[in-house]
Amino acid sequence: MLWTSWLVLLLCWGATSGEQQAEERDGTPVEARAEPQRQRSPPPVEPLDFGFVPAAVYDTHAYFEPGPIGLLFHMVHAFLYVVQPNNFPKDLIVKVIQQNMGGIKIEEWRKPDNVVLLLQTIYYEAGFLICATIGILFVVLVPIIAMCFCVCRCCDNCGGEMHQRQRKNVDCQRGFYTALLVATSIFMTLGVFIAYAANHNVSAQIKNTRRLINTNMRDLKTFANNTPTQIEYLTAQYTTAKNKVLSDLDNIGPLLGGRIHSQLEREVVPSLDAALRMAGAKVENAIKAMRETKEALENVSSSLEVLQEGTAKLQASLSEERASLSNTLSDPACTNGAVSSTCNTIRSTLSQLGINSDYSKLPDVNHALVNVNTVLRTDLSNIVQKGYSSFNDTPQLVKEQTKNIVSGVKGMLDKIGTEINGFTKMFPVEASLANFTIFLTQGQKNIESFYPQIDQMDFYRWVGCVAVLCMVVLVLAFNTLGLLCGACGYDEQATPTTRGCLSNTGGNLLMAGVGFSFISVWVLMAIVSTLFVIGGNVEKMVCEPLANRQLFKIIDTPFLVHPSKKNFLPGMLFQNPNIDLTLGSMYRDCSENNGLYHSLQLETMFNINSFLNRTVYNKDLAKVLEGVQVDLQDVTLLEQAGRDNLINFANSGIGHINYEAYLTELNKGVTILDLLSFSTDLEAQADQLPRGALENALKGHASSIRQIHRDQVVPMEQAMSTLSQSIKQLQRMSNDLTVKATNILSAIDAAEYLITHNASHVVKRETKGYTENLVGYFRQYTAWVKHSLSSEVAQCKPISNIVDSIEIVGCSIIVDSVNTFWFGLGGCCVLLIPSIIVSVKLAKYYRRMDTEDVFEDGQEGWN
């Protein structure tokens, strides 16, 4: 069994559970582990593709279909159930084995416990004992009865007297006995056919057993040849996990640094955005607001200049127009009574023909504009982007700071791979399995060398069974010939003393069958009884329990073979009976084509978890990964220039502008009254005057006033609109500008403090998540190895196939055929008794008698 030891050692290397490994690494309390999970769930570990273990294809299909003879097998099983309807006596057998393990002693059976066991055994075997007793009595009594019958006939008794008395129903009796003998012979013929079919089935199925042997041997060779390849594949897949870990280590900047940056971003960027927000705008909007402030100030300055110049020009134009209109109204035509009222009305409105607002008194905004231009000379956007870049460079910072750690981890992983490969090469697995293959080949040759002897023995067995059946066939031949000769030679007109030769020969043949029946029936019954007791008990005690796996429960009974040895199978294989390994569980696992490692529970013998804990993820590697630290002291979100820029913008003088004065003047109109309305009214009043020079002059003044509105008032109104919008915009932006700038700087200071001082827990948490990802790759590998060892490596289906093949050959072919043989032969033996009686009775009607009944009133017909 050296090859078995090497195979076990080979398979045990990949045993890993991952749970123990995880517990040793994550030695923190549950509460401590639950706290980070409430903050943030760790990212899922990327699943690795280890491919498929090279599968072994087994050829054996351990299934047997008996065919039509299966009906006979079922009949025999039903008969045996009638004989033995009790359940399998598992407990009884266990007690018998345990109490007689040291040997069976006569004096021990006198103990009460053994007497009880004996009585229970007798009760269980009652059906077989009764049938066996009947068979023994049959074997003993039949020769005695035959001898007495012969002596009795020699004394002219028991039908030996050659005289037949005359009866009226002689034809009816002869017909009845003939029909009875024919029926008996037919049933005996069926019994012969049943026995012969069983006999022939054994010979026919023996050839199929060679196929089972060959396929089982071939499967064992496949098992031995594929196992090293599968083990090599398992070891090679460590490279998959290793390469993935190395890939993550090479990308530690984007992975670990990116996670740290992402988590810091969730806490820092809101503060940073709040700091760089102005009037609800983000950083870009803040810079835009500065530019809009500049544009607004420029608009205010230019609009104010336009309004001041326009006001002076408009004042002059209106004064000139007012004076000219006054001269026109001084015309003598206005003294006319009908026209004077109109002229007076126009003259009364001349005082309103003037400007309404004075922009010359409004202060300019040049000082604030100069300050804002100075602020805009500093590129705040670039400064902010530098702060973001300093923060966004966290992955590169992590990569630089963990450079030495990554190189150290790579060296450890290479060492781990070397140790694993070295461990697998400690055992000469290929040599052991090669020897096992040679052993199988030699064993198969040895088995095949017995095939001629087996065929010869099977031929002798077949001939012996046919010879036994020929004894019954001979009786059937005598009966058949006797019936044919007697029936064909029988003459109804002939008297018993004058019967023909053919009829007499028929009677003699029937008596010859009787004689040969007496000679052979007890021998046949002895054969039937022996085969019945052996085959029936093997069927009930071995085959049926093997089919329903009750037999395994007996073997797996704790402390069966010895009071100090719990389990039989591990005690035999590993010399350790305390392992919880049973034959039933092993057979069940092998039937499901699981791996031998799982079926034999080799993890209890070879703890590879400790080896993997020392190599795949050891404490040194854990310490190195736990030493990963990231220093974010150098991260600056806003440089001093940016801070000064914000302060200067807040102190640019926008808040000191007299917005109320501006808005007050802007709320006034350009002129006291609307020049367009005034010109329209003036034209309407001119139309009321008589046609003449005065009317034309007034209309000319209306046209001049309208021209003044179009050329001077409209541009001023546009400038006023622009000035109003700009002033309102500046007023809106100037509210709490200093407070907002202070809050911005405070938020930036808080964000920088958060990054530089309070990021350690984020770094620790993300570093732990990163290392857990690395560990997760090894967990996947070890879990995959365990699953592969349990279900894909060294699949032990050939072992269960061997058990099933033994059951097929031993039970389904041999035992069932033997039981069917004695079942058919036994039926013939039982039917020989009525055959003897009927043959003796019927021969009286065919044989030539020595004397006959004579009547005085003449001979009476025998028909």
Side-chain angles (χ1 to χ4, degrees), residues 68-69 71-80 82-83 128 130-143 145-146 149 177-203 461-484 509-536 815-843:
I69 200 173
L71 296 174
L72 301 179
F73 291 167
H74 289 303
M75 290 174 57
V76 175
H77 293 165
F79 176 77
L80 289 176
V82 173
V83 174
F128 285 104
I130 292 173
C131 292
T133 302
I134 295 174
I136 293 172
L137 291 175
F138 191 96
V139 172
V140 173
L141 294 179
V142 165
I145 294 174
F149 180 74
Y177 290 135
T178 301
L180 193 59
L181 184 59
V182 169
T184 303
S185 299
I186 290 174
F187 283 109
M188 289 174 62
T189 303
L190 290 177
V192 171
F193 282 138
I194 290 174
Y196 180 79
N199 180 44
H200 180 74
N201 183 68
V202 174
S203 298
R461 179 205 56 78
W462 184 86
V463 171
C465 292
V466 170
V468 171
L469 293 177
C470 285
M471 299 172 70
V472 181
V473 171
L474 185 59
V475 174
L476 289 174
F478 283 137
N479 290 345
T480 303
L481 292 175
L483 287 172
L484 291 175
L509 288 174
L510 291 176
M511 291 308 298
V514 170
F516 192 78
S517 296
F518 276 122
I519 295 173
S520 61
V521 68
W522 65 275
V523 177
L524 297 177
M525 184 55 72
I527 296 173
V528 169
S529 300
T530 303
L531 295 178
F532 166 75
V533 173
I534 297 175
V815 174
D816 282 348
S817 297
V818 169
N819 288 337
T820 305
F821 179 81
W822 63 250
F823 180 76
L825 187 60
C828 294
C829 292
V830 173
L831 292 173
L832 280 175
I833 301 302
S835 174
I836 291 173
I837 297 172
V838 174
S839 295
V840 171
K841 291 288 187 180
L842 187 59

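Predicted model only: the values in this text are computed from it and were never measured.
Considering every non-hydrogen atom in both Cys829 and Phe138, the closest pair reads O-CZ, 4.0 Å. Taking both residues in full, the closest heavy atoms of Trp462 and Ser203 are given as CD1-OG, 3.6 Å, listed atom of the first, atom of the second, then distance. Across all non-hydrogen atoms, the minimal contact from Val139 to Trp522 is CG2-O, 3.6 Å. Across all their heavy atoms, Leu832 and Met188 have their closest contact at CD2-CE, 3.1 Å. The minimum heavy-atom distance linking Phe128 with Val83 is given by the pair N-CG1, 3.8 Å.
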Do any side-chain atoms of residues 527-536 form donor-acceptor pairs under 3.5 angstrom with protein atoms, and if so which ones, sequence neighbours left out?
unit_1, atom_1, unit_2, atom_2, d
Ser529, OG, Met525, O, 2.8
Thr530, OG1, Ala526, O, 2.8

Which side-chain N or O atoms in residues 72-80 pair as donor and acceptor under 3.5 Å with protein atoms at least two apart or in another chain?
unit_1, atom_1, unit_2, atom_2, d
His77, ND1, Phe73, O, 3.4
His77, NE2, Asp816, OD1, 3.1

Which atom pairs, one a donor and one an acceptor, fall under 3.5 Å between side chains of residues 177-186 and the rest of the protein, sequence neighbours left out?
unit_1, atom_1, unit_2, atom_2, d
Thr178, OG1, Arg174, O, 2.7
Thr184, OG1, Leu180, O, 2.8
Ser185, OG, Leu181, O, 2.8

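Within the structure, side-chain hydrogen bond (donor to acceptor under 3.5 Å, both in side chains) pairs that include any residue of residues 820-835 comprise Asn479-Ser835, Asn819-Trp822 (at least two apart or interchain).
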Assess whether side-chain contact (heavy atoms from CB on, under 4.5 Å) is satisfied between Phe149 and Val840, documenting all intermediate values.
-> CA-CA 11 Å; Phe149 180 74; Val840 171; 3.8 Å; yes
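A 4.5 Å side-chain heavy-atom check between Leu524 and Cys828 finds every atom pair outside the cut-off. Residues Phe478 and Met511 have side chains not in contact (no heavy-atom distance under 4.5 Å, counting atoms from C-beta outward).
Note that CG of Asn199 is 6.0 Å distant from CZ of Phe821, once rounded to the nearest 0.5 Å. Atom OG1 in Thr480 sits 9.5 Å away from atom CG in Leu510 (nearest 0.5 Å). How far CD1 of Ile194 is from CD1 of Ile69: 9.5 Å, rounded to the nearest 0.5 Å. Note: Ser839 OG to Leu483 CG = 7.5 Å, rounded to the nearest 0.5 Å. Going from atom CD1 of Ile837 over to atom CG of Leu842 covers 13.5 Å, rounded to the nearest 0.5 Å. Put simply, SG on Cys470 and CG on Leu476 are 11.0 Å apart, with the number rounded to the nearest 0.5 Å.
For Ile519, there are no side-chain contact (heavy atoms from CB on, under 4.5 Å) partners at least two apart in sequence or on another chain. Remark: Ser817 pairs with Asn201 by the side-chain hydrogen bond (donor to acceptor under 3.5 Å, both in side chains) rule, at least two apart or across chains.
Within 6.0 Å of atom CZ in Phe518, more than 12 heavy atoms from other residues, nucleotides or ligands are found, so the atom counts as buried in its surroundings.
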